[in-house]
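Reviewing the structure listed below.
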Amino acid sequence: MIDIQKALDLVLSQKQFYGAEEVPLTEAVGRFLAEDIFTDRDAPPFDRVMMDGIAIQLKDINDPLRPNYPIQGIQAAGAPQMTLKAPDHCLEVMTGAILPLGTDTVIPYEEVEIKDGTAYVKIKKAIKRFVHRKGSDSPNGALVLQKGKKIHPGDIGILATVGKSRVVVAKFPTIAIISTGDELVEIDEKPLAHQIRKSNVYNLWASLLQEGIHAERHHIIDDHGVLQTQLKILIQKFDVLLLSGGVSMGKFDHLPTVFEELGVQKLFHRVAQRPGKPFWFGYHKEFNTKIFAYPGNPVSTYVNHLFYFQQWLHASLGQTLQMEHKELGEDIPANPNLARFVSVKIDPVTGNVVPFSHNGSGDLFSLAETDGFLLLPQREKEYQKGERLLFLAIR
Ligand code: AMP
Ligand code: MG
């Protein structure tokens, strides 16, 4: 058995780039950039008016304003640049317009009164210039988004503004999710007294879908021969296999043996953690298939997936996953033998996380109450209220 850090290092040692592909901008959210993004002009591209009002010439911002300025015309957003003809006149300007030539300051409408073609100014001095200077956000040719970044909706706006209607992103690995266990039936079946509906495959499938990955779902019965035949095919066909069940100590937990027979290189089996201790991880050398075999208890499967697979996926696609940390809301006794992922709720007032008790890793319904899992590292010292610990959010 190895500790959690060693297990994570081994998982991350298997990070893998699956190539790049071009997608339309409208499909790029949540994907990982596989190209650097540069501006194709200054940002903003011209001196941009920041307020609706009047534009005047005021060489020194500290100079007193005139009591009134005759209005020469209107500079609208989207109209070519106008020129102020007389320095004691003004032009009405709209937010987003190019600043008229010969002007340098905008007095917002709130500070003026317009009557008979003249703007009467209610203040003695300009508040500020209200001009968003050309190139002040980013000069032309600047690197604005770096390769490897996970694209969020704000980035989509940036990509749009620099004219990227198509974006080069990292390809996702192809993934099969495989449930094992003869007690499992399909969700639209009525289970017999000794059966249950499969849930893990759907939990994992949904988690991948949130990342934008469409995985295939499979089921294999707890039969040595069948497992061997089916897994052989799936190993050749997919980049990643996510399995649930069949890796513990039971008489029908055949997976570790079958993997060995199929030539899968084991990197570890069993991690000093609870839940999810029997986690098995390895890869097939010839087909370069990564295999995450989670123990079947629903909470075990999910915790392992959130901790190991998510970090592996992000590393593979180009970005280290920034792990969230949260403050522990109460003292918890130490456990020197195991790391623990405890189910917690976030206190809406303090933002601290507080563990709550449930019926263990088989208690699927506890997930409804859980905001996430807090990682209590394996150590001698008690965990103290106020300590910041790694948090795996369920969202
Ligand atoms: P195993 O790891 O195969 O020993 O399974 C441990 C527990 O998890 C058993 O109670 C299984 O019935 C349950 N289990 C395994 N796979 C699934 C699944 N796909 N959905 C729900 N429960 C499962
Ligand atoms: Mg089983």
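Just follow the structure's listing: the first ligand is 1, and inside any ligand the first atom is 1.
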Parallel, tilted or perpendicular, as decided by the 30° and 60° cut-offs, for the rings of F32 and H314: perpendicular

Residues E21, R31: salt bridge by 4.0 Å N-O rule: yes

Between Y308 and F292, ring centroids under 6.0 Å: no

Salt-bridge criterion met for E260 and K266 (N-O under 4.0 Å): no

Contact partition for L184 relative to ligand 1, non-hydrogen atoms under 4.0 Å: side chain

E211 and K150 ion-paired at < 4.0 Å: yes

N/O separation below 3.5 Å, G245 to ligand 1: no

Min N/O separation R197 to ligand 1 under 3.5 Å: no

Identity and separation of the nearest protein heavy atom to atom 2 (O) of ligand 1: G296 N, 2.7 Å

N or O pair under 3.5 Å between N200 and ligand 1: yes

Ring centres under 6.0 angstrom apart (F268, F279): yes

Atom indices of ligand 1 within 4.0 angstrom of S244 heavy atoms, with elements: 16 (N), 19 (N)

Taking atom 22 (N) of ligand 1 as the reference point, the nearest protein heavy atom with its distance: I196 CD1, 3.6 Å

Greater than 12 external heavy atoms within 6.0 Å of K345's NZ: yes

Heavy atom of the protein closest to atom 3 (O) of ligand 1 (residue, atom name, distance): G246 N, 2.9 Å

Distance filter under 4.0 Å to K198 heavy atoms, resulting ligand 1 atoms: 20 (N)

Distance from atom 9 (C) of ligand 1 to nearest protein heavy atom, with residue and atom: E183 OE2, 3.9 Å

Close N or O approach (P295, ligand 1; < 3.5 Å): no

Proximity to ligand 1 by part of V247, non-hydrogen separation under 4.0 Å: neither

Sub-3.5 Å N/O-N/O distance, S199 and ligand 1: yes

Close-contact set for ligand 1 against N297 heavy atoms, below 4.0 Å: 6 (C), 7 (C), 8 (O)

Same apolar cluster (I L V M F W Y, side chains within < 4.5 Å links), Y120/L91: no

Salt-bridge criterion met for R129 and D104 (N-O under 4.0 Å): yes

